[in-house]
Amino acid sequence: MNAPTPLIAGNWKMNGTAGALAEAQAIKAGAPASGVRVALCPPATLVERMSRALAGGGVIIGGQDCHAEPSGAFTGDVSAEMLADAGASLVILGHSERRAGHGESDSDVVAKVEAALRGGLEPIICVGETLDEREAGRAIEVVTRQVRGSLPASLAGKAFTVAYEPVWAIGTGLTPSSDDIVEIHQAIRATLREMFGAGGDGPAILYGGSVKPGNAAEILGLPEVGGALVGGASLKAADFLAIVAGAPKA
Ligand code: 13P
């Protein structure tokens with residue numbers, strides 16, 4: 001099967017108000033027209049405005065989380081249907097900041113993935129080990145368990161992406177060695193094949209954690225690395241576009 005089209009997705013986390021839309025416009029202006037998918041996942045308050053501001057360009061808009069239910073008495077939450085209504089077509093799920101900061105379990109992530117599919121959103125499902133787990137030699141075991149536990153069987157035949165984000169590499173400037181990234185990505189691919197058969201070859205597996213202009217081309221050129229999930233460096237158009245430029249063209 002052909003390699004999936006690389007996806008470079010910016011996760012703005014809890015950053016950005018109206019003034020930041022100028023950076024998004026600059027990303028739209030500089031994004032390549034083909035060969036790589038470019039996405040921005042702003043905070044929920046900006047999803048609709050960013051969708052309008054970037055309409056007609058190639059940049060895909062995504063949310064950073066969604067509730068498992070379509071609507072109801074869930075104060076402060078946003079559903080997949082609401083994100084889609086606001087112009088999103090992707091959603092990040094199971095980010096380690098949600099798992100650690102909001103107590104999300106693998107089964108919570110499964111319910112959210114089901115919600116994303118119901119709402120017509122393509123999920124980006126995040127997995128990754130902590131430093132303690134890596135130092136204990138448990139990274140592969142932890143990550144493959146998260147993949148098995150967080151991806152419902154209903155993903156078969158659907159568009160989705162897995163993002164490997166070692167917790168200790170997020171926002172720290174640290175990255176795993178190239179060999180360590182490849183080892184984990186290959187383990188994720190093998191797990192996807194176990195779960196989905198030949199369909200496990202299709203989804204891109206992104207790397208996330210301190211991706212910067214200076215390391216992007218090397219990381220993005222590694223076997224089984226199908227793109228990047230970028231935090232801090234996605235807030236500045238010049239940095240994000242330099243990362244996008246490092247992606248091998250499909
Ligand atoms: P940084 O790129 O800031 O390390 O964040 C990575 C991340 O968590 C993306 O989801």
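As the structure lists them, so they are numbered: ligands from 1, and atoms in each ligand from 1. What's counted below: heavy atoms across the whole structure, side chains too, no hydrogens, waters or symmetry copies.
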Seminar exercise, completed: Per-atom filter on ligand 1: closer than 4.0 angstrom to a heavy atom of G232 are 1 (P), 2 (O), 3 (O)

Exercise. Ligand 1 and L229, any nitrogen or oxygen pair closer than 3.5 angstrom?
Worked result: no

Exercise. Can you find an N/O atom of V230 closer than 3.5 Å to an N/O atom of ligand 1?
Worked result: no

Exercise. Where do E97 and K13 land on the salt bridge (Lys or Arg N to Asp or Glu O under 4.0 Å) test, with the steps shown first?
Worked result: CA-CA 9 Å; E97 288 155 13; K13 309 191 179 185; 2.8 Å; yes

Exercise. Charged N to carboxylate O below 4.0 Å: is that the case for K212 and D239?
Worked result: no

Exercise. Does the distance from a Lys or Arg side-chain N to an Asp or Glu carboxylate O, for R99 and D106, drop under 4.0 Å?
Worked result: yes

Exercise. Are the charged groups of R98 and D108 less than 4.0 angstrom apart, N to O?
Worked result: no

Problem set entry | Check: E97 N/O within less than 3.5 Å of ligand 1 N/O | no

For this session: Return yes or no for this condition: an N or O of N11 is under 3.5 Å from an N or O of ligand 1.
Result: yes

Exercise. Tell me, which protein residue and heavy-atom name are nearest atom 2 (O) of ligand 1, and how many Å apart are they?
Worked result: G231 N, 2.9 Å

Problem set entry | Those atoms of ligand 1 less than 4.0 Å from some heavy atom in G209 | 4 (O), 6 (C)

For this session: Give the single entry among Q64, H95, K212 that approaches atom 10 (O) of ligand 1 most closely by any heavy atom.
Result: H95

For this session: Using non-hydrogen atoms of the residue, decide whether G208 is closer than 4.0 angstrom to ligand 1.
Result: no

Problem set entry | Chi angles and distances behind the salt bridge (Lys or Arg N to Asp or Glu O under 4.0 Å) call for E122, K158 | CA-CA 8 Å; E122 176 183 336; K158 303 286 189 342; over 6 Å; no

For this session: Output the list of atoms in ligand 1 that are nearer than 4.0 Å to some heavy atom of E165, sorted by atom number.
Result: 6 (C), 7 (C), 8 (O), 9 (C), 10 (O)

For this session: May I ask you to decide if V78's main-chain N or O and H67's side chain share a donor-acceptor pair within less than 3.5 Å?
Result: no

For this session: Please test E141 against R145 for salt bridge (Lys or Arg N to Asp or Glu O under 4.0 Å), starting from the C-alpha separation and ending with a verdict.
Result: CA-CA 6 Å; E141 169 209 325; R145 195 186 60 225; 3.7 Å; yes

Exercise. Closer than 4.0 angstrom: is that true for some heavy atom of K13 and an atom of ligand 1?
Worked result: yes

For this session: Looking only at distances, please establish whether an N/O atom of ligand 1 is found under 3.5 Å from an N/O atom of S210.
Result: yes

Exercise. Do you reckon V127 sits in the same ILVMFWY cluster as I124, going by side-chain contacts under 4.5 Å, direct or chained?
Worked result: no

